[in-house]
Number of protein chains: 2
Amino acid sequence: MSSQNPKRAMFEHLAAVARSLGSAHRLELLELLAQTERSVEELVKLTGLTLANASQHLQQLRRFGLVEARRSGKHVIYRLADPEVVRLLEALSRVTERNVGAVEKLLNSYFRERDRLEPLSRRELLRRMRDGLVTVIDTRPPEEFAAGHVAGAINLPLSELKRRLRELPREQEIVAYCRGPYCVLSYEAVAELRKRGFKAVRLEDGYPEWKAAGLPVEQSANL
Amino acid sequence: MSSQNPKRAMFEHLAAVARSLGSAHRLELLELLAQTERSVEELVKLTGLTLANASQHLQQLRRFGLVEARRSGKHVIYRLADPEVVRLLEALSRVTERNVGAVEKLLNSYFRERDRLEPLSRRELLRRMRDGLVTVIDTRPPEEFAAGHVAGAINLPLSELKRRLRELPREQEIVAYCRGPYCVLSYEAVAELRKRGFKAVRLEDGYPEWKAAGLPVEQSANL
DNA sequence: ACAACAATCAATTAAGTTCTTGAATGAAAA
DNA sequence: TTTTCATTCAAGAACTTAATTGATTGTTGT
């Protein structure tokens with residue numbers, strides 16, 4: 001039956017793409033690339049992988065269409081091939097969160113204890129921003145912020161938080177976001193701010209999801 | 001740094017779930033389960049896997065939270081754990097379609113040649129149904145139809161199509177759907193109908209996606 | 001209790017994946 | 001040109017996954 005073969009072939013392709021997501025290191029690389037494009041070298045520094053290993057993982061991601069690469073001088077710069085990839089990662093997270101008991105426990109024991117108040121959804125944040133009700137802080141390092149951030153957010157990396165508390169309003173709610181739902185920077189920022197008496201909550205997910213949803217973003221001028 | 005570990009652990013979990021999608025056989029099982037719950041035995045018949053092998057794949061899917069099982073007499077019935085799983089499969093398909101060149105070619109050479117007219121989106125079909133503009137046919141076998149189908153659709157399995165052409169209107173557009181975007185039954189039905197002078201198009205995706213989107217479905221009475 | 005049957009488990013073999021190491025490219029700077 | 005540096009390639013060892021086989025569990029019907 002000729003009907004069966006193309007279907008099988010299709011499943012094989014889907015499986016190959018799924019397998020390329022089937023490694024914690026590759027998922028970490030994808031998360032980093034979801035922020036902004038980066039060279040292999042940068043990715044090596046950020047992940048702690050060896051150079052050859054990172055390169056091979058990146059090539060695998062490229063082979064299956066998740067990332068693209070271009071050469072820029074001595075460096076090879078990788079970036080996500082398509083915003084759909086972020087959506088795929090989101091869908092994977094959602095299924096994983098709902099269904100895997102162990103993950104539930106992990107989320108409860110680590111993340112939830114740091115954020116008993118419900119995190120804010122994208123939609124809700126957008127509304128409060130429009131009404132001028134919140135101050136939004138981006139807890140990622142300056143380079144990532146410069147490459148793109150939620151429109152109207154101010155960059156306040158975790159490392160500078162204590163020094164720059166004066167910049168923040170005491171009366172208004174502060175919303176912190178970061179790389180994604182499992183990025184800990186925003187959890188820690190919220191914990192710290194609350195300890196000091198600020199009203200702080202976390203955005204449910206991070207910059208890549210915000211951008212992929214087509215919500216307003218901006219870049220720093222000198223990029 | 002205590003921040004790194006839970007993140008790593010989370011990536012490991014996500015990767016494990018992704019790996020459980022990383023096999024054509026398991027994807028096929030998931031697609032079949034997206035239609036309706038089924039026993040191991042049925043799945044074996046439908047896929048051609050050996051019993052032990054199918055059982056092991058199903059257990060793996062269960063271990064990672066994609067399916068659930070219950071015992072019913074001598075049989076063990078599996079079903080999708082969550083409608084989110086369908087969304088994850090959709091996201092995987094979308095990324096695969098867009099990004100993998102080989103898949104594009106496959107889609108072009110086999111699927112597209114059978115359906116030069118654009119397929120209909122769910123939203124569009126819903127609108128035309130509300131306006132009474134279309135006849136919707138479900139090309140899946142009667143059991144699957146009985147377990148759940150698009151509200152208002154009539155069941156017309158491919159095998160009965162030629163015999164039952166008289167039931168179909170010549171002047172109104174006919175929309176065929178099936179198990180999912182890569183299910184060939186609806187392609188073949190549309191090809192056949194066009195050959196015979198009917199106005200026929202395919203629904204872009206299938207029953208599981210329709211249901212997961214929360215659109216109106218119905219079941220046959222005696223279920 | 002026993003036979004029949006669906007499904008699972010356990011053990012094996014084959015195949016595939018990951019990481020490491022060291023050599024090979026390829027672009028830029030000296 | 002030669003040197004330097006970022007990246008990729010190639011090969012091998014350690015580990016993981018897939019499919020097959022035959023034994024075992026658990027449920028129904030006699």
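Letters A, B, ... mirror the listed sequences (proteins, then strands); counts begin at 1. Note that the structure is predicted; figures quoted are calculated from it, not measured.
A:E41 has its CD atom 17 Å from the P atom of D:dT4, to the nearest Å. Atom CG in A:L21 sits roughly 12 Å away from atom P in C:dT18 (whole-Å rounding). Between the CG atom of A:L49 and the P atom of C:dT21 there is a distance of 14 Å, rounded to whole Å. Rounded to an integer number of Å, the gap from B:N53 CG to C:dC9 P is 14 Å. Atom pair A:F64:CZ and C:dG16:P shows a separation of 13 Å (rounding to whole Å applied). Computed from coordinates, the A:R19 CZ to C:dG16 P distance equals 10 Å when rounded to whole Å. The CD1-P distance, from B:I77 to D:dT27, rounds to 14 Å in whole Å. One can place CZ of B:R70 at 17 Å from C1' of D:dG26, the figure rounded to the nearest angstrom.
In the set D:dA19, C:dT20, C:dT8, the nucleotide with an atom closest to the side chain of B:V76 is C:dT8. Nearest nucleotide to the A:K74 side chain, out of D:dC5, D:dT7, C:dA7: D:dC5. For A:H57, whose side chain is taken as the heavy atoms from C-beta onward, the closest listed nucleotide among D:dG22, C:dC19, C:dA6 is C:dC19. Among the nucleotides D:dA6, C:dA7, C:dT17, the one closest to any side-chain atom of B:H75 is C:dA7.
Between A:Q56 and A:G73, it is A:Q56 whose nearest contact on DNA chain C lies nearer the 5' terminus. Remark on DNA chain D: of its neighbouring residues B:R71 and A:L58, the 5'-side contact belongs to A:L58, judged by nearest-heavy-atom nucleotide. Comparing B:E42 and A:S23 against DNA chain C, the residue whose closest nucleotide sits nearer the 5' end is B:E42.
Counting heavy atoms from C-beta outward, B:V44 and B:T50 have side chains that stay 4.5 Å or more apart.
Residue A:A200 comes nearest to A:V190 through the heavy atom pair O-CG1, 3.7 Å, listed as atom of the first residue, atom of the second, then distance.
For residues 135-155 of chain A, the ring-ring contact (aromatic ring centres under 6.0 Å, His included) pairs, not counting sequence neighbours, are A:F145-A:H149.
Note on A:L51: a base of the nucleic acid sits closer than 4.0 angstrom, heavy atoms only. A:Q59 comes within contact range of the sugar-phosphate backbone alone, with a heavy-atom separation under 4.0 Å but no base atom that close.
No side-chain N or O of A:E97 forms a donor-acceptor pair with one of A:S93 less than 3.5 Å apart.
Both tests pass for B:R202 against the ring of B:Y187: distance under 6.0 Å to the centre and angle within 45° of the axis.
For the OP1/OP2 pair of D:dA18 and a distance below 4.0 Å, the side-chain nitrogens and oxygens of B:Q60 include at least one atom meeting the criterion. Phosphate proximity of D:dA18 to B:R26: present, with a side-chain N or O under 4.0 Å from OP1 or OP2. Using a 4.0 Å cut-off, no side-chain N or O of B:T50 falls inside it from OP1 or OP2 of D:dA19. Between A:Y78 and D:dA6 there is no side-chain polar atom (N or O) within less than 4.0 angstrom of OP1 or OP2.
Between atom CG of residue A:L89 and atom CG of residue A:L66 there is a gap of 8.0 Å, rounded to the nearest 0.5 Å.
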